[in-house]
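First comes the structure, then the notes that go with it.
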Amino acid sequence: MKLLTHNLLTSHVRGLQPGAGFPFHIRASEVRVRSVPFNAAFVARLLPRLHWEALLSAAESVTLPPQPPPPDDAEEEFLLRLHHVLLEVGGGGPFWGERSSFWGWEWKCLLWGGGVDPPVLGSPPLLQVEVGEGLTFPQF
Amino acid sequence: MKKLKLKELESCLQQVDTFESPKVLLEQYPTRPHIAACMLYTIHNTFDDIENKTVADLGCGCGMLSIGSAMLGAGLCVGFDIDAEALEIFNSNLEDFELTNVDVVQCDVSSLPDSMSETFDTVIMNPPFGTKHNKGMDMVFLKTALQMAKTAVYSLHKTSTRQHVQKKADEWEVKMEVIAELRYDLPASYKFHKKKSVDIEVDFIRFSTRNS
């Protein structure tokens with residue numbers, strides 16, 4: 001499962017805070033990275049709908065592998081990194097949910113490589129970046 | 001992205017593997033490639049509800065509609081189904097087609113929480129028609145789909161139930177538009193089927209949510 005799917009499935013859950021039993025608990029024993037064609041327009045459209053806290057903790061719990069090299073353009077670079085996190089990092093599926101729903105699912109993913117790189121997205125957002133039509137979002 | 005023609009889409013979808021041993025209680029009938037291609041082509045060309053969108057496919061089975069959506073340029077398509085065997089075939093289809101913009105989630109669609117509101121731009125589905133000890137299952141799927149969709153839900157329902165579906169749509173305050181009446185060719189997949197195949201009349205319906 002991709003982190004984007006994870007993020008969509010965790011969204012709009014009232015009364016549940018990250019860290020306080022957010023629906024999907026990810027236990028990263030295995031993580032897979034596969035390349036997905038970059039679609040800047042799609043990633044940009046997702047921005048306002050993402051749950052940053054959930055994404056950050058999800059990214060941290062899968063201990064993300066290194067990011068792809070950034071191109072020159074800053075916005076493009078951000079979107080490319082986001083694309084990587086949301087769509088290229090994933091674990092093996094499918095998943096079985098307890099109580100016949102997806103609550104409390106564990107992420108049983110494929111073990112990623114031998115070494116573990118330091119998380120790239122683990123730290124809380126520090127920088128606010130302006131993008132396009134005045135859209136503001138945190139920078140990893 | 002290269003524009004896919006209807007014929008090309010259909011011939012691609014003919015390569016999709018479907019149920020090896022369909023489960024009668026889950027009403028597992030594959031969406032035929034021709035119908036799937038026509039549905040998806042219309043959703044894409046007439047309503048622009050696939051390209052760069054997040055798409056959910058409820059009761060996806062082996063993934064006919066998800067795979068077609070992915071080919072038409074969905075940003076991400078997520079298939080939901082309860083049956084692990086079907087999802088395994090789905091996953092092997094994904095590998096064969098080398099599609100990377102599709103994800104699969106195993107869960108019971110009828111118990112997806114209400115709180116998943118407007119998570120996906122578009123929901124596409126060929127729901128169980130609710131004729132095998134699961135009466136009303138199509139409406140349970142539809143209700144879930146309408147909660148999940150930001151813009152529109154595309155679904156198949158038996159033409160004989162149209163009035164009932166319309167009543168529910170009014171009740172839930174969504175706009176319902178029958179896009180096409182299909183002859184749905186059900187090949188004999190189960191032992192209790194006496195004829196080789198049977199045509200049933202099915203409506204292809206677009207439901208648009210309040211926001212659109």
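Quick note on labels: first sequence line is chain A, next is B, and so on, each numbered from 1.
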Heavy-atom pair of closest approach, residues A/Phe42 and B/Leu76: CZ-N, 3.6 Å
Minimum-distance pair of heavy atoms, taken over all atoms of B/Asn52 and A/Ala41: ND2-CB, 4.0 Å
Chain A contact via B/Asp81 - side chain, backbone, both or neither, heavy atoms under 4.5 Å: neither
B/Thr100 versus A/Pro37, closest heavy-atom pair with distance: OG1-CD, 3.4 Å
Flag for A/Arg45-B/Thr54: side-chain donor and acceptor within less than 3.5 Å: no
Which portion of A/Leu46 sits near chain B, non-hydrogen atoms under 4.5 angstrom: side chain
Gap separating the CG atom of A/Leu8 from the CD atom of B/Glu118, nearest 0.5 angstrom: 13.0 Å
With B/Asp170 via side-chain contact (heavy atoms from CB on, under 4.5 Å) - residues at least two apart: B/Gln166
Taking every non-hydrogen atom, the tightest pair across A/Lys2 and B/Asp103: N-OD2, 2.6 Å
With B/Glu95 via salt bridge (charged side-chain N to carboxylate O under 4.0 Å, His left out) - residues at least two apart: none
Chain A interface, residue from B/Val78, B/Leu99, B/Asp121 that has the most non-hydrogen pairs under 4.5 Å: B/Asp121
Minimum side-chain heavy-atom gap A/Arg49-B/Lys150 below 4.5 Å: yes
